[in-house]
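The shown structure was predicted, so the numbers you read here are calculated from the model rather than taken from an experiment. Every heavy atom of this structure was used, including side-chain atoms; hydrogens, water molecules and symmetry mates were not.
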Amino acid sequence: MTDTNPITDLKSRLTEQQYEVTQHKGTEAPFSGKYVDYKDDGIYQCVCCGAELFSSDHKYDSKSGWPSFCRWRCSCCPRVMPPIGCRVG
């Protein structure tokens, strides 16, 4: 018999930090993440479901220590809420 529990599945696929951020509204330390200074063009995807989250076209330097985007695309993960002021879609 295989385990089809979605929580167990996520825990097996994600790092501890990814699980904490996506499922418990955690965060990484400011200015420490691999995407803070990442400038390549493309689409950022949800680590849980693969849905598009952000386009690099909407990334800006908020000086907050975390990557910032002015347009949020994904509403599939209910525990990860778009930043205040962001538009979904």
Would you say Tyr19 and Arg13 make side-chain contact, with heavy atoms under 4.5 Å?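 Contact flag for Tyr19/Arg13 side chains = no.
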With side chains defined as the heavy atoms from C-beta onward, is the minimum distance between Phe54 and Tyr35 less than 4.5 Å?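 They are not in side-chain contact.
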Once salt bridge (Lys or Arg N to Asp or Glu O under 4.0 Å) is applied, do any residues pair with Lys34, and if so which ones, sequence neighbours excluded?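 Salt bridge (Lys or Arg N to Asp or Glu O under 4.0 Å) check on Lys34 returns nothing, list empty.
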What residue among Cys49, Cys46, Cys48 forms side-chain contact (heavy atoms from CB on, under 4.5 Å) with Thr22?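 The option that passes is Cys48.
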Going from CD on Glu20 to CG on Leu14, what distance comes out if it is rounded to the nearest 0.5 angstrom?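 Atom-to-atom, Glu20:CD and Leu14:CG are 11.5 Å apart.
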Can you tell me how far OG of Ser55 sits from OH of Tyr44, rounded to the nearest 0.5 angstrom?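 Going from the OH atom of Tyr44 to the OG atom of Ser55 covers 9.0 Å.
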Which residue pairs satisfy the salt bridge (Lys or Arg N to Asp or Glu O under 4.0 Å) criterion with at least one member in residues 54-68, sequence neighbours excluded?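 Listed once each, the pairs are Asp61-Lys63.
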If every non-hydrogen atom of Ser64 is compared with every non-hydrogen atom of Pro30, which pair is closest and at what distance?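 Reported closest heavy-atom pair: O-CB, 3.9 Å.
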Using every non-hydrogen atom in the two residues, find where Val36 and Trp66 come nearest and quote the distance to one decimal.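 For Val36 versus Trp66, the nearest heavy atoms are CG2-CA, 4.4 Å.
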